[in-house]
Number of protein chains: 4
Amino acid sequence: MSPAIRSEEARQAIVEAAFDLCAEQGFAAVTIEGIAARAGVGKTTIYRWWPSKAAILIEAVENARDAAAGYPDTGDIYADLAAQTSSVMRLFKTDFGTIWRGLIAAAQSDEAAADGVTRILRVSIDACVARLAKARDAGQIRDDLDLEMAVEIIYGPIYHTWLLRTRPVPEAYMETVLAALLPALTPSPGRH
Amino acid sequence: MSPAIRSEEARQAIVEAAFDLCAEQGFAAVTIEGIAARAGVGKTTIYRWWPSKAAILIEAVENARDAAAGYPDTGDIYADLAAQTSSVMRLFKTDFGTIWRGLIAAAQSDEAAADGVTRILRVSIDACVARLAKARDAGQIRDDLDLEMAVEIIYGPIYHTWLLRTRPVPEAYMETVLAALLPALTPSPGRH
Amino acid sequence: MSPAIRSEEARQAIVEAAFDLCAEQGFAAVTIEGIAARAGVGKTTIYRWWPSKAAILIEAVENARDAAAGYPDTGDIYADLAAQTSSVMRLFKTDFGTIWRGLIAAAQSDEAAADGVTRILRVSIDACVARLAKARDAGQIRDDLDLEMAVEIIYGPIYHTWLLRTRPVPEAYMETVLAALLPALTPSPGRH
Amino acid sequence: MSPAIRSEEARQAIVEAAFDLCAEQGFAAVTIEGIAARAGVGKTTIYRWWPSKAAILIEAVENARDAAAGYPDTGDIYADLAAQTSSVMRLFKTDFGTIWRGLIAAAQSDEAAADGVTRILRVSIDACVARLAKARDAGQIRDDLDLEMAVEIIYGPIYHTWLLRTRPVPEAYMETVLAALLPALTPSPGRH
DNA sequence: AGTTAACCGAGACGGTACGTCGCGTCTTGTT
DNA sequence: AACAAGACGCGACGTACCGTCTCGGTTAACT
């Protein structure tokens with residue numbers, strides 16, 4: 001009577017199968033039955049541990065992200081923002097982007113998925129806020145800025161273009177955006 | 001030797017049924033069968049004219065929007081932006097918001113839906129760009145600003161908070177956002 | 001104020017299309033829409049003149065049969081029966097057989113089709129009865145035989161094997177059957 | 001690692017529902033959806049185990065027949081044939097007749113149904129042939145008769161009248177038929 | 001000679017059933 | 001007890017035809 005405990009092997013196979021399926025066929029084509037078949041696992045095992053396919057992919061994303069590091073910190077907040085946002089835009093074009101896109105879509109009509117998305121984002125946002133706080137303390141950005149909102153101003157354009165696809169995104173999009181936002185972020189010159 | 005013509009009555013009943021069902025139950029709960037039943041129409045009639053439920057709702061949104069007017073223009077671009085963005089955020093909390101949210105979600109894995117979303121947005125964005133261009137010509141905003149990007153900077157935070165739900169949105173959110181963006185939009189004081 | 005007259009051209013095209021479709025694809029694959037398309041005719045025209053696809057095929061069969069002659073009469077009833085039954089069995093293997101088979105099937109659950117089948121058969125049966133009556137008068141067959149029943153005894157085996165397919169039918173099936181039936185048909189030798 | 005096993009309860013409910021529906025409404029009115037609804041079963045369960053409604057009814061008939069006994073044997077082959085054929089004609093007027101009629105119709109354009117019909121008939125025919133063989137050995141019928149063909153001669157008239165409905169069948173039809181066939185079946189008086 | 005009404009083709013319409021897919025639950029052994 | 005396998009009831013899918021219903025257009029008989 002060995003397996004009275006959860007099989008880590010099955011868990012990993014399921015998460016990987018879900019990730020791969022989504023990457024290959026898109027979020028809409030991912031099904032519990034497909035994951036079970038690909039992972040060589042019974043459907044019961046999936047339903048025992050996850051409430052929906054979104055939950056599996058959320059776990060996949062969180063797994064992947066745990067390997068990733070925190071916010072870059074070269075001392076120059078503008079360079080760091082440019083580096084991080086460009087990195088995000090690049091990431092959105094990979095398999096991860098396909099999955100992330102699907103999760104955001106699922107979150108629009110699935111409260112649990114929405115919670116997962118929020119939880120995932122919270123970590124990134126907190127990291128960004130922390131980096132901005134440090135920059136503010138270093139006098140690189142205005143000290144009367146709501147940093148949570150600052151994150152939304154910075155990443156809003158990315159999600160706007162990525163999710164709404166209103167136009168082809170230019171090469172160095174975020175460089176341009178950040179340059180435009182600069183006067184809104186830097187301490188106002190008239191103050192002392 | 002002309003064939004029987006398309007039934008305008010059925011078209012309208014279908015679009016309305018789709019709208020109502022989506023408003024009542026959410027996008028995910030909308031089914032072609034449900035629409036057909038509610039509209040008193042055969043499924044064939046729906047499939048004859050629309051490729052998916054998203055297409056029907058896109059038509060519903062376009063119909064509704066055709067009634068709406070253009071961008072507000074009081075002469076004060078900041079007042080107008082504040083008014084329009086607040087109006088959008090209010091709209092997002094209505095039935096229209098439910099539908100729009102669903103369409104954006106569908107657009108993430110349905111190319112046709114994405115086209116529809118893009119087409120709908122294009123009109124609003126063009127109106128905003130036109131209003132910004134007028135403000136620029138009036139010297140109210142910087143003349144070196146990519147206006148298309150300006151729209152993304154202004155509306156990005158709205159979609160970011162609305163779609164990603166990372167935090168409860170404050171009361172006068174857009175007032176704060178616009179205030180923060182002001183230095184990025186106004187002509188730089190150091191120039192003359 | 002007489003109406004425009006029925007189009008003989010359309011009538012013929014419909015009957016032929018129905019025949020050909022049935023011959024090519026089998027009775028079950030024949031549809032009103034298919035006939036209309038193949039005949040280059042509106043569905044209305046079909047529904048105006050025929051109540052069902054069976055009715056069209058009944059007309060096709062009757063048309064075809066009108067060309068055919070009556071019962072063979074060489075003076076030898078046994079030779080004539082052998083010739084005619086063999087000819088029927090050969091006919092059943094042609095396109096006509098496919099259609100006739102379908103009509104008999106349809107007749108099992110469609111009263112109108114059953115009437116058509118009965119009407120078509122009536123002519124053949126009457127011809128056979130007439131031939132048998134002549135043979136009886138010539139002293140070739142028993143005079144106490146119910147001739148209607150005699151037809152059923154003679155053709156029953158054909159339909160039994162053809163419709164129920166219980167075994168492969170031997171080459172000279174009807175020769176054997178008629179030989180076996182001979183004692184039942186000929187005047188009994190003990191009588192005077 | 002065995003899978004879940006087939007539900008005998010569902011199997012029985014489906015076969016019974018199909019039988020009842022066919023008896024009540026006729027073969028043509030039987031639908032898979034109707035059977036599923038009446039049996040309280042998913043359509044998938046039906047399609048998993050049967051290829052068509054005909055297949056279900058074939059099973060129903062085989063089930064019913066498994067309960068039935070073999071050919072009557074009083075020692076008098078003519079009495080036995082009269083009893084059995086009359087019994088068949090009576091049976092054809094019951095619900096069983098409705099279903100059997102439908103299956104024969106289906107067999108005309110469905111190879112699988114044809115196989116089922118053949119399989120069902122084979123048992124009855126074999127029983128009849130066996131009884132005839134016994135009678136032949138007892139000297140009650142000619143010993144040069146192809147017994148398979150004899151069955152077709154005896155039952156042919158029944159199916160001819162039942163399927164083709166060319167005339168109202170007289171009360172004691174098979175008595176008359178068998179009386180007429182007698183000379184064809186009995187050992188020829190001229191032999192010794 | 002013009003009117004007109006029944007015919008024609010085309011095909012849209014409200015329906016019903018099709019056969020399939022995936023859902024989430026369940027049952028059955030196996031490990 | 002957790003596992004793989006997969007059958008189950010269910011709901012929706014998108015398709016095929018049903019039989020009815022407009023649509024113009026065409027044509028023959030009757031003003």
Side-chain angles (χ1 to χ4, degrees), chain A residues 1-11 13 29-37 39-53, chain B residues 1-11 13 29-37 39-49 51-53, chain C residues 1-7 9-11 13 29-37 39-49 51-53, chain D residues 1-11 13 29-37 39-49 51-53:
Chain A
M1 60 185 75
S2 308
I5 64 163
R6 177 171 184 183
S7 156
E8 172 59 19
E9 193 180 1
R11 200 204 118 264
V30 176
T31 65
I32 299 286
E33 302 214 323
I35 295 170
V41 138
K43 286 203 291 175
T44 316
T45 304
I46 297 180
Y47 283 111
R48 186 157 23 229
W49 303 110
W50 293 275
S52 69
K53 65 174 180 173
Chain B
M1 237 162 282
S2 299
I5 208 108
R6 176 171 182 184
S7 160
E8 173 58 20
E9 195 179 1
R11 201 205 115 263
V30 176
T31 65
I32 300 285
E33 298 216 320
I35 295 170
V41 137
K43 283 201 289 177
T44 315
T45 303
I46 298 181
Y47 284 111
R48 186 160 21 231
W49 302 112
S52 67
K53 64 175 179 173
Chain C
M1 214 160 297
S2 301
I5 211 89
R6 176 172 182 182
S7 157
E9 193 180 2
R11 200 203 118 267
V30 176
T31 65
I32 299 286
E33 302 215 322
I35 295 170
V41 137
K43 286 202 291 172
T44 316
T45 305
I46 297 180
Y47 283 111
R48 191 164 11 238
W49 304 110
S52 68
K53 65 174 180 173
Chain D
M1 236 162 283
S2 298
I5 208 108
R6 178 170 182 183
S7 160
E8 172 58 21
E9 194 180 1
R11 201 204 114 265
V30 176
T31 64
I32 300 286
E33 297 215 321
I35 296 170
V41 136
K43 282 201 288 177
T44 314
T45 303
I46 298 180
Y47 283 111
R48 191 166 10 237
W49 303 111
S52 67
K53 63 174 179 173

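By convention in this document, chain letters (A, B, ...) are assigned in the order of the sequence lines, proteins followed by strands, and residues within each chain are numbered from 1.
Using a 4.0 Å heavy-atom criterion, one finds that A:W50 contacts no nucleic acid atom at all.
Residue B:I35 contributes atom CD1, which lies 14 Å from atom P of E:dG14 at whole-angstrom precision. Protein atom CZ of D:R6 is 18 Å distant from nucleotide atom C1' of E:dC26, rounded to whole Å. For the pair A:R11 CZ and F:dA4 P, the interatomic distance rounds to 14 Å; values are reported in whole Å. Computed from coordinates, the A:E8 CD to F:dC3 C1' distance equals 15 Å when rounded to whole Å.
Side chain of A:R48, nearest nucleotide from F:dG6, F:dC8, F:dA2: F:dA2. Closest approach to the B:A4 side chain among F:dT22, F:dC3, E:dC8 is made by F:dT22 (side chain taken as heavy atoms from C-beta onward).
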At under 4.0 Å between heavy atoms, which parts of nucleotides 17-23 of chain E does protein reach? Answer with one letter per nucleotide, 5' to 3': B base, S sugar-phosphate only, - none. SBBBBBB
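Remark: C:T44 pairs with C:R48 by the side chain to side chain contact (heavy atoms under 4.5 Å, CB included) rule, at least two apart or across chains. Taking D:A13 as the reference, D:A39 meet the side chain to side chain contact (heavy atoms under 4.5 Å, CB included) condition, with sequence neighbours excluded. Not counting sequence neighbours, the partners of D:E33 by the salt bridge (charged side-chain N to carboxylate O under 4.0 Å, His left out) test are D:K43.
The shortest side-chain heavy-atom distance between A:T31 and A:K53 does not fall under the 4.5 Å cut-off.
Of the two residues contacting DNA chain E, namely B:A36 and C:W49, the nearest-nucleotide position lying further toward the 5' end is that of C:W49. Between B:I5 and C:V41, it is C:V41 whose nearest contact on DNA chain E lies nearer the 5' terminus.
Minimum interatomic distance between A:A10 and A:V41 (heavy atoms only, all atoms of both residues): CB-CG2, 4.1 Å.
OP1 or OP2 of E:dG14 lies within a sub-4.0 Å distance of a side-chain N or O belonging to B:T45.
Under a cutoff of 6.0 Å and an axis angle of 45°, B:R11 and B:W49 do not form a cation-pi pair.
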